[in-house]
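Structure record follows, encoded as structure tokens.
A note on names: the letters A, B, ... follow the listed sequences, proteins ahead of strands, and every chain is numbered from 1.
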Amino acid sequence: MSEPLSDLDVVAAIYEAMAARDFDRLFELLDPACVITQDAALPWGGRHEGHDGFATFGITLSTTIDSAVTIDGLFEADGEVIQCGRTRGTVQATGAPFDIPEVHRWTISDGKAVRGHFAIDTPAMLAALTAPGPA
Amino acid sequence: MTDPSPTDVVRRFCASWATGDIDAIVAFFTDAAVYHNIPLAPVVGPDQIRATIEGFTGGVESIEFRLESISADGPTVLTERLDVFHFPKGTVELPVMGAFEVVDGEIAAWRDYFDLNQFMSQVPQG
């Protein structure tokens, strides 16, 4: 029988699954009642509840931007797991590039994520979304 | 004048996606219509349906609903489709089974069934 994942391992596995766009794995790691929140000013922002809410979040994000997260730090604090790094990529519609700092805060319970809040530099992302693409 | 048949309504609805006119697409629905894109959260009413459609079409240049087969049982219309999403950097081809309930010439319910990973694995990246 395998050892249960630590909270840090759960979050690391979530980022691996997000990079692979593997929703089957993501749904193993996210509690069915998981709540994901992000600034509602972003097209994929707002409050997303449950696996179907996370699917809505993922599809809206991925069809709007092509992005990859680079993790600079992953640590536990105040009973949560904090990930800080950068999100880099391009806007799907225009090809406009972005390279933006981000901080994600996760709450893990019994080996599954029950809460995630994603904070990025919203003005920088909104500027990228409205910028013309490369000539 | 009689209402168009449920099958005709759904044929016209599927064809409307190629126009890219979200107003025209949303106009097919009743005020209390339920749209459930099955892996996603269900939404109710034209405003939420519009927001959902805008959510997954923001980066898309155009969309085609290629109707492979269609059949009806009274007000319920079943479709087998290949939905094609054209992005600037690539194309997603997604097999979809969709069920529609048509009331008085408008769509009162739309349920689509597809493989989420099949869609996500084709969205352009890199």
Result of checking B:Val10, B:Leu82, B:Thr79 against B:Leu67 for side-chain contact (heavy atoms from CB on, under 4.5 Å): B:Thr79
CZ (B:Arg11) with more than 12 external heavy atoms under 6.0 Å: no
Inter-chain contacts: residues 106-132 of chain A against chain B, heavy atoms under 4.5 Å: none
Donor-acceptor pair, side chain of B:Thr30 and main chain of B:Ala33, under 3.5 angstrom: yes
Pairs of heavy atoms under 4.5 Å with chain B: top-ranked of A:Ala55, A:Gly133, A:Gly95, A:Ser67: A:Ala55
When A:Gly50, A:Gly89, A:Ser62, A:Gly53 are compared by non-hydrogen pairs under 4.5 Å with chain B, the top option: A:Ser62
Heavy-atom closest contact (B:Phe29 atom, B:Glu106 atom, distance): O-OE2, 3.9 Å
Other residues, nucleotides, ligands: >12 heavy atoms within 6.0 Å of B:Asp31 CG: no
Part of B:Glu61 within contact of chain A (heavy atom distance under 4.5 Å): neither
Residue pair A:Trp44 / A:Gln38, side-chain donor-acceptor N/O under 3.5 Å: yes
Ring geometry between A:His51 and A:Phe27 (parallel below 30°, tilted from 30 to 60°, perpendicular above 60°): parallel
Minimum-distance pair of heavy atoms, taken over all atoms of B:Pro39 and B:Leu116: CB-CB, 4.2 Å
Sorted by number, residues from residues 83-104 of chain B in contact with chain A (heavy atoms, under 4.5 Å): B:Phe87, B:Pro88, B:Lys89
Salt-bridge criterion met for A:Arg47 and A:Glu49 (N-O under 4.0 Å): yes
Smallest separation among heavy atoms of A:Thr63 and B:Phe56, with atom names: OG1-CA, 3.5 Å
Donor-acceptor pair between B:Asp73 and B:Thr76 side chains, under 3.5 angstrom: no
